[in-house]
Amino acid sequence: RASAKVIAGPEAGRVARGKVVTTRFWHDKKEATTQIGGRHPAERVPLPEGVLAFDPPRGLPLKGHAAGTTVTIHAPAASYQVTIIAVKVK
């Protein structure tokens with residue numbers, strides 16, 4: 001019978017691939033919860049709903065940040081800020 005022990009490392013509580021992240025947009029105060037996927041060539045296959053690629057413009061700026069951090073996203077159409085509300089393991 002196999003067993004495993006979860007060990008909190010330096011990435012615990014920080015945005016990384018596979019984590020579920022809740023953010024609040026500053027401009028309208030709406031919240032969004034998404035799972036962070038891997039790097040993704042969007043032109044090949046669309047990501048499932050609720051999964052965010054770990055690519056610019058939105059996914060990569062969140063990398064390594066913890067809940068309570070405000071991050072500026074530089075998208076092609078505009079820049080905007082989000083606050084990370086929660087980071088969880090799925």
Side-chain angles (χ1 to χ4, degrees):
R1 184 172 152 137
S3 66
K5 182 177 180 182
V6 176
I7 300 173
E11 293 299 313
R14 298 192 175 274
V15 177
R17 185 173 29 186
K19 302 271 181 93
V20 176
V21 180
T22 301
T23 55
R24 179 180 300 126
F25 295 85
W26 275 46
H27 67 280
D28 62 7
K29 306 299 182 212
K30 290 184 179 178
E31 293 185 7
T33 300
T34 52
Q35 182 178 5
I36 303 296
R39 297 187 72 77
H40 185 74
E43 66 276 1
R44 283 199 273 166
V45 178
L47 285 169
E49 187 169 334
V51 177
L52 177 66
F54 220 3
D55 292 328
R58 188 160 165 231
L60 192 58
L62 299 174
K63 181 180 180 181
H65 291 286
T69 305
T70 298
V71 178
T72 300
I73 308 295
H74 298 286
S79 293
Y80 57 94
Q81 291 184 310
V82 298
T83 298
I84 300 168
I85 304 301
V87 180
K88 299 177 182 177
V89 176
K90 182 174 182 183

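In what follows, residues are counted from 1 in the order of the sequence shown. Everything numeric in this text was worked out from a predicted model, so none of it was measured.
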| said: According to salt bridge (Lys or Arg N to Asp or Glu O under 4.0 Å), does anything in residues 21-31 pair up with another residue at least two apart or in another chain? List the pairs. | reply: Arg24-Glu31
| said: So, taking the atom named CG in Leu62 and the one named OG1 in Thr34, what distance separates them when rounded to the nearest 0.5 Å? | reply: 7.5 Å
| query | Once you round to the nearest 0.5 Å, how far does CZ of Arg14 lie from NZ of Lys63? | reply | 12.5 Å
| With sequence neighbours excluded, what pairs up with Thr22 under the side chain to side chain donor-acceptor pair (under 3.5 Å) test? | Thr33
| field | Where Ser79 and His74 come nearest, the two heavy atoms and their spacing | value | OG-ND1, 2.8 Å
Acceptor/donor pairs from residues 80-89 side chains to any protein atom, 3.5 angstrom cut, sequence neighbours excluded:
| from | atom 1 | to | atom 2 | distance (Å) |
| --- | --- | --- | --- | --- |
| Gln81 | NE2 | Thr72 | OG1 | 3.3 |
| Thr83 | OG1 | Trp26 | NE1 | 2.6 |
| Thr83 | OG1 | Thr70 | OG1 | 3.0 |

| query | Is there a path of hydrophobic side-chain contacts, each under 4.5 Å between heavy atoms of I, L, V, M, F, W or Y residues, that connects Val20 with Ile36? | reply | no
